[in-house]
Participant: 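A single structure is presented below for examination.
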Amino acid sequence: MRIGFFGTPHFAVPSLKMLVSEGYNVVGVFCQPDRKSGRGHKVSFSPVKETAIALGLPVFQFEKIKSAEAVKQIEDLELDLMITAAYGQILSQAILDAPKKGCINVHASLLPKYRGAAPIQWAIINGETSTGVTTMFTDIGLDTGDMLQKRAVPIGREETGGELYERLAVLGADVLKDTLEALEDGTLVRTPQKEEEATYFPMLNKDMAKLDFSQSAKQLVDRVRALHPIMRCYASLNGMDIKLIQMKQTEAESAGKPGEVLVADPKKGLTIQTGKGAVEVIMIQYPGGKAMEAKASLLGKPIAVGDVFE
RNA sequence: CGCGGGGUAGAGCAGUUUGGUAGCUCGUCGGGCUCAUAACCCGGAGGUCAGGGGUUCAAAUCCCUUCCCCGCAA
């Protein structure tokens, strides 16, 4: 069976490795073009590209996967099956029609909940206590195709988006493996998604990292851990954007307005009033500096009781 | 060559503009006080001031250079 693999970030890596180690014939790996990134604008390869090179697989990178050139390339590979996992571009019907047995996608949520590009982070932001992975036949809609297999996992109370991402990437590879076995056995069952139960959440946006202290303590803590370490949430204090990297809910010793510093003591820590309850900052990061313990930061940094994060 | 911030004791910082014996807070070690403590008092240890070169009677501080860390932007 000739398989084409479409993926770009870390999430797709375990699935690609699984395909190779299970002996599937991956004849082409498609990922997003190399982009200049990071300090100094250095060009870096995507995790999937790195993996494909290490495995000796041919890599294809198209700026527009819908272009005639890209479609022809895909058709020329005479694929039996396409597998996608966080590829990063929307596929066209012409592409989906190319492989004989269709296209299977690995999605990091329990569909039809959390359709969209960032299901892992959104699940935590919304305070979900469980999520999972769903394999599906890709259709032209956004995460709307018929579901194949699904597996749920609990979300840890303090688990970060990054940690959950890693777990679901591994789980995704495992579910994909089972899905492909069922496909070969002819036992695969297609289950249409119930539109009335569907939810959709958009791509992550930088604005999401700005904390709004009128939210509840739980919402704020969930947001900070959900976005970690992709984005570090921040709030403004005395003209500085200060990143609050890790927080936990705590008892408020006194009342204040949302964002007001209730405690700022090297021994007692840094506590901030929210719209409902209070949060204690565990890890903090100042402009130009590294992340550090909030208690340590109070030895040399000017935060006082009564200051207001906004 | 995208823009900018930073590297000083185990930790967090000041000192650099205007060169002149290395400072603060916390921790740590010892002692004291206390029913007791995250409290208080006294004392001590702990630094090649990121590395290299230069200027100078004298460099954390001025000049050149290398390395490392961080933020923004992509």
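FYI, side chains are in, hydrogens and waters are out, and symmetry mates aren't considered; it's all heavy atoms of this structure. Because the structure is a prediction, the values reported are computed rather than measured. Chain A is the first sequence line, chain B the second, and so forth, proteins listed ahead of strands; every chain is numbered from 1.
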Participant: Report which part of the nucleic acid K243(A) touches: base, sugar-phosphate, or nothing (heavy-atom distance under 4.0 Å, all strands).
Facilitator: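 Counting heavy atoms under 4.0 Å across all strands, the contact made by K243(A) is with sugar-phosphate only.
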Participant: Going by centres under 5.5 angstrom and planes under 30 degrees, do the aromatic ring of H41(A) and the base ring of rA74(B) stack?
Facilitator: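 No, aromatic ring not over the base.
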Participant: Can you tell me, in whole Å, how much space there is between the P of rA22(B) and that of rC64(B)?
Facilitator: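 Those two atoms are separated by 25 Å.
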Participant: When you compare rA74(B) with rC68(B), how far apart are their P atoms, in angstrom units rounded to a whole number?
Facilitator: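 Each nucleotide's P atom is 26 Å from the other's.
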Participant: Identify which one of R151(A), K17(A), R167(A) satisfies the salt bridge (charged side-chain N to carboxylate O under 4.0 Å, His left out) criterion when paired with D174(A).
Facilitator: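 Exactly one candidate clears the test, R151(A).
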Participant: Nearest 0.5 angstrom please: F45(A) CZ to C31(A) SG, how far?
Facilitator: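 The distance works out to 9.5 Å.
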Participant: In whole Å, what separates the C1' atom of rG20(B) from that of rA60(B)?
Facilitator: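 Approximately 13 Å lies between the C1' atom of rG20(B) and that of rA60(B).
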Participant: Is rC26(B) paired to anything, Watson-Crick or G-U wobble with both distances less than 3.5 Å, and if yes, which nucleotide?
Facilitator: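 When the pairing criteria are applied, rG10(B) turns out to be the nucleotide that pairs with rC26(B).
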Participant: How long is the gap from CZ on R225(A) to CZ on R157(A), to the nearest 0.5 Å?
Facilitator: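 That separation rounds to 8.5 Å.
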Participant: Write down the distance separating the P atoms in rG27(B) and rU37(B), rounded off to the nearest Å.
Facilitator: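 The same atom, P, in both gives a distance of 15 Å.
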Participant: What's the separation between atom CD1 in I83(A) and atom OG1 in T138(A), rounded to the nearest 0.5 Å?
Facilitator: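 Separation between the atoms: 10.0 Å.
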Participant: How is K36(A) classified with respect to the nucleic acid when contacts are heavy atoms under 4.0 Å: base, sugar-phosphate, or nothing?
Facilitator: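 Base, at least one base atom sits under 4.0 Å.
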Participant: Taking atom P in both rA73(B) and rC26(B), compute the distance separating them and give it to the nearest angstrom.
Facilitator: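 Approximately 38 Å lies between the P atom of rA73(B) and that of rC26(B).
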Participant: Counting only Watson-Crick pairs (N1-N3 plus N6-O4 or O6-N4) and G-U wobbles (N1-O2, O6-N3), all under 3.5 Å, who is the partner of rU17(B)?
Facilitator: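 Its partner: none found.
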Participant: Measure the distance from CG on L204(A) to P on rA74(B) and round it to the nearest whole Å.
Facilitator: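 My rounded result for the distance is 16 Å.
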Participant: Give a yes or no on whether E69(A) atom CD has more than 12 heavy-atom contacts from other residues, nucleotides or ligands under 6.0 Å away.
Facilitator: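 It does not: E69(A) CD has 12 such atoms or fewer within range.
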Participant: Taking atom P in both rU25(B) and rA39(B), compute the distance separating them and give it to the nearest angstrom.
Facilitator: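 Comparing P positions in rU25(B) and rA39(B) gives a spacing of 14 Å.
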Participant: Which ILVMFWY residues can you reach from M247(A) by hopping between side chains whose heavy atoms are under 4.5 Å apart?
Facilitator: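 L211(A), F213(A), L220(A), V221(A), V224(A), L237(A), M240(A), I242(A), L244(A), V261(A), L270(A), I272(A), V279(A), V281(A), I284(A), Y286(A), M292(A), L298(A), I303(A), F309(A), which link up through side-chain heavy atoms under 4.5 Å apart, make up the rest of the cluster.
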Participant: Provide the Watson-Crick or G-U wobble partner of rA50(B), both distances under 3.5 Å; none if there is no partner.
Facilitator: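 Paired with rU66(B).
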Participant: Take atom P in rC13(B) and the same atom in rU55(B), then report the distance between them in whole Å.
Facilitator: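 Rounded to whole Å, the distance is 35 Å.
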Participant: Just name whichever nucleotide pairs with rG71(B), Watson-Crick or G-U, keeping both distances under 3.5 Å, else none.
Facilitator: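 Per the H-bond distance test, rC3(B).
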Participant: Give one of base, sugar-phosphate or nothing for Q285(A), where a contact means two heavy atoms less than 4.0 Å apart.
Facilitator: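 Contact class for Q285(A): sugar-phosphate only.
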Participant: Can you build the contact string for nucleotides 5-17 of chain B? Use B for base contact, S for sugar-phosphate-only contact, and - for no protein heavy atom under 4.0 Å.
Facilitator: B-----BBS----
Participant: Provide the distance between the two C1' atoms, one in rG12(B) and one in rU8(B), to the nearest whole Å.
Facilitator: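 Taking atom C1' in both rG12(B) and rU8(B), they lie 12 Å apart.
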Participant: Separation of K42(A) atom NZ from rC3(B) atom P, in whole Å?
Facilitator: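 For the pair K42(A) NZ and rC3(B) P, the rounded distance is 13 Å.
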Participant: Who passes salt bridge (Lys or Arg N to Asp or Glu O under 4.0 Å) against R39(A), sequence neighbours left out?
Facilitator: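 Not a single residue meets the salt bridge (Lys or Arg N to Asp or Glu O under 4.0 Å) criterion with R39(A).
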Participant: Look at the side chain of R39(A) and the base of rG2(B), then say whether one donor and one acceptor between them are separated by less than 3.5 Å.
Facilitator: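 A donor-acceptor contact between them is absent.
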Participant: Looking at residues 223-235 of chain A, who's got a heavy atom less than 4.0 Å off RNA chain B?
Facilitator: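 Per residue number, the list reads R232(A).
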Participant: Only pairs under 3.5 Å count here: list side-chain donor-acceptor contacts from residues 56-65 of chain A, not counting sequence neighbours, and write none if there are none.
Facilitator:
from, atom 1, to, atom 2, distance (Å)
Q61(A), OE1, K49(A), NZ, 3.0
Q61(A), NE2, Q32(A), O, 3.0
Q61(A), NE2, D34(A), OD1, 2.9
E63(A), OE2, R35(A), NH2, 2.8

Participant: Under 4.0 Å, counting only non-hydrogen atoms across every strand here, what does K206(A) touch: a base, just sugar-phosphate, or nothing?
Facilitator: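 Since only primed, P, OP1 and OP2 atoms lie under 4.0 Å of K206(A), the category is sugar-phosphate.
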Participant: Under a 4.0 Å N-O cut-off, is there an ion pair linking D212(A) with R223(A)?
Facilitator: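 No salt bridge links D212(A) with R223(A).
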Participant: Who does rC40(B) pair with, Watson-Crick or G-U, both distances under 3.5 Å?
Facilitator: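 Across any shown strand, rC40(B) pairs with rG32(B).
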Participant: Looking at residues at least two apart in the chain, or sitting in another chain, which of them share a salt bridge (Lys or Arg N to Asp or Glu O under 4.0 Å) with K177(A)?
Facilitator: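 Result, salt bridge (Lys or Arg N to Asp or Glu O under 4.0 Å) vs K177(A): E22(A).
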Participant: Please verify the inter-ring angle class for F30(A) with F6(A); under 30° counts as parallel, over 60° as perpendicular, anything in between as tilted.
Facilitator: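 The arrangement is parallel - the two ring planes meet at less than 30°.
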Participant: Roughly how many Å is it from NZ in K290(A) to P in rC68(B), rounded to a whole number?
Facilitator: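 The distance from NZ of K290(A) to P of rC68(B) comes to 13 Å, rounded to the nearest Å.
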